[in-house]
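Note sheet for the following structure.
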Amino acid sequence: MRAALWFLALFGMAVAIALFAGNNQGTITVFWPPYRVDLSLNLVVLLLALLFFTLHVALRALAALFAMPGHARRWRIQHQERALHLALLDALSHLEAGRFIRARKAAETVLARETAMTRSGETLAYSGRLRALSHLLAAESAHALQDKAAREEHFRQALEQASKRDAQEAREGVQLRAARWALEDHDAQGALQWLDDLPQGASRRTIALRLRLTAARMARQTRLALETARLLAKHRAFSEVAAQGILRGLALELVMTAHDPDQLQTVWNQLDAPERLMPDVAIEAAQRMLQLGGDVDVARTWLLPVWERMVAQPGALPDAQRVHLIRVLESGFAMASGAPEAAWLTRIEQAQMANPGDSALQYLAGITCMRLQLWGKAQQLLKQALPRLQDAGLERNAWAALAELAERRGDVAASTQAWQNAAKAATA
């Protein structure tokens with residue numbers, strides 16, 4: 001359709017020109033004394049059109065002629081830029097392939113070509129970033145080759161170039177790479193210093209947080225490592241299972257750094273609520289409090305959520321955690337000032353009655369009754385629990401408790417037999 005319209009327009013123009021030129025009787029007289037020239041109007045129009053076309057072509061030719069140096073300059077710059085980009089790609093590909101010597105030479109080629117362009121007066125708008133990246137690639141290659149002198153020299157120049165206004169975006173990458181090198185050199189403090197120098201936004205990126213976590217753990221700054229792991233878990237840098245495992249391990253390390261009850265209480269207050277509810281953390285913190293001679297009631301308070309979880313969901317805790325919890329509670333009851341409270345006695349009795357087949361709960365109930373001087377009930381519960389106890393430590397303690405009860409009754413034979421069974425359980 002469009003082609004048909006174009007043809008119609010051309011035909012119309014041809015008809016109009018034919019009508020104008022065919023019946024045009026006009027003339028133009030040019031007086032050039034002493035001459036007089038009479039020209040047809042059609043001829044004058046044709047001559048004017050030819051003159052316009054000739055002038056247009058001449059002007060275009062002159063413009064092309066004067067533009068040739070600019071075109072040559074642009075072609076030369078494009079050629080040099082292509083060579084720079086090709087050398088930069090070679091450096092990256094060689095570095096990724098593990099050909100570090102070639103990568104270093106390619107990066108130095110980029111620097112040499114860029115310097116030559118600058119000396120010739122051709123400055124690239126992104127020359128600062130290009131030099132910073134090239135120096136960084138050369139430093140990375142030198143680091144892989146264990147050439148620390150060359151690495152430090154290229155890194156210094158990369159940092160200097162990244163400080164310029166047109167290369168600020170590359171500075172964060174240079175600092176992150178310096179932190180990684182410090183970690184590989186086992187300089188945790190140096191890595192933390194580089195990470196602290198990052199802008200606030202860059203320091204909260206996942207890669208920076210991962211480096212900070214590694215550096216904090218290497219420097220044994222457990223509190224900083226725990227705070228960083230929380231941020232990584234919040235950013236979903238780990239899977240849920242991995243995040244819980246890392247947080248649990250760091251929380252346990254932080255608990256073990258406490259050397260007195262007050263310090264342990266401070267550490268406990270610094271833990272988040274989900275971390276306090278972790279069975280391993282709560283049990284270890286309570287055991288640490290008892291080992292440091294702290295308040296038994298505080299330790300029992302920390303253990304209460306774990307106890308309630310174990311009672312409400314019998315299979316929620318693994319057997320090892322159940323045994324650990326019972327041992328910590330037993331240790332608290334064994335302390336001079338740690339006699340079982342009425343509330344805890346009620347909890348233990350209710351749990352044992354709700355789960356009469358649980359030998360560990362029967363054992364704990366028997367030990368509790370023994371601490372309360374309920375000798376008969378204690379002996380009954382311990383005897384019922386003994387055949388089903390799976391943990392050798394609990395079995396040994398149960399036989400030792402029965403031996404003490406027998407001594408109180410004056411039954412020497414039963415006491416001797418119980419002590420012998422306790423010794424067998426200890427060596428089993």
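Keep in mind the model is a prediction, meaning the values are calculated, not measured.
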Quick check: are there more than 12 heavy atoms from other residues, nucleotides or ligands sitting under 6.0 Å from CZ of R204? no
Only one of R131, R129, M117 passes side-chain contact (heavy atoms from CB on, under 4.5 Å) with L124; say which it is. M117
Centres of the W75 and H71 rings: under 6.0 Å? no
Determine whether the aromatic ring centres of residues W302 and W268 are separated by less than 6.0 angstrom. yes
Does L304 have more than 12 heavy atoms from other residues, nucleotides or ligands lying within 6.0 Å of its CG? yes
Between S359 and R388 (side chain of the first, backbone of the second, donor and acceptor by atom type, cut-off under 3.5 Å), is there such a pair? yes
Could you note down all residue pairs passing salt bridge (charged side-chain N to carboxylate O under 4.0 Å, His left out) where residues 253-268 supplies at least one of them, sequence neighbours left out? R217-E253
Quick one: do R156 and E153 make a salt bridge, cutoff under 4.0 Å? yes
Would you say R113 has more than 12 foreign heavy atoms packed within less than 6.0 Å of its CZ? no
Yes or no on side-chain hydrogen bond (donor to acceptor under 3.5 Å, both in side chains) for H154 and E140, after CA distance, side-chain angles and deciding distance? CA-CA 9 Å; H154 280 292; E140 183 70 26; over 6 Å; no
Which ring-ring contact (aromatic ring centres under 6.0 Å, His included) pairs, counting each pair once, include a residue from residues 211-261, with sequence neighbours left out? none
Using a 4.5 Å cut-off on heavy atoms from C-beta on, say whether the side chain of W307 contacts that of R347. yes
Step by step, would you call D196 with R212 a salt bridge (charged side-chain N to carboxylate O under 4.0 Å, His left out)? CA-CA 9 Å; D196 291 337; R212 186 180 295 275; 3.0 Å; yes
Before you tell me yes or no, could you show the steps for T266 and Q270 under side-chain hydrogen bond (donor to acceptor under 3.5 Å, both in side chains), namely the whole-Å CA-CA distance, both residues' side-chain angles and the distance that decides it to 0.1 Å? CA-CA 6 Å; T266 302; Q270 291 173 350; over 6 Å; no
Is any side-chain N of the basic residue among R288 and E284 closer than 4.0 Å to the acidic one's carboxylate O? no
Taking NZ, NE, NH1 and NH2 as the nitrogens, is one of them in D90 or K105 under 4.0 Å from a carboxylate oxygen of the other? no
If you take the centroid of each ring, where Trp contributes its six-membered ring, are W399 and Y363 closer together than 6.0 Å? no
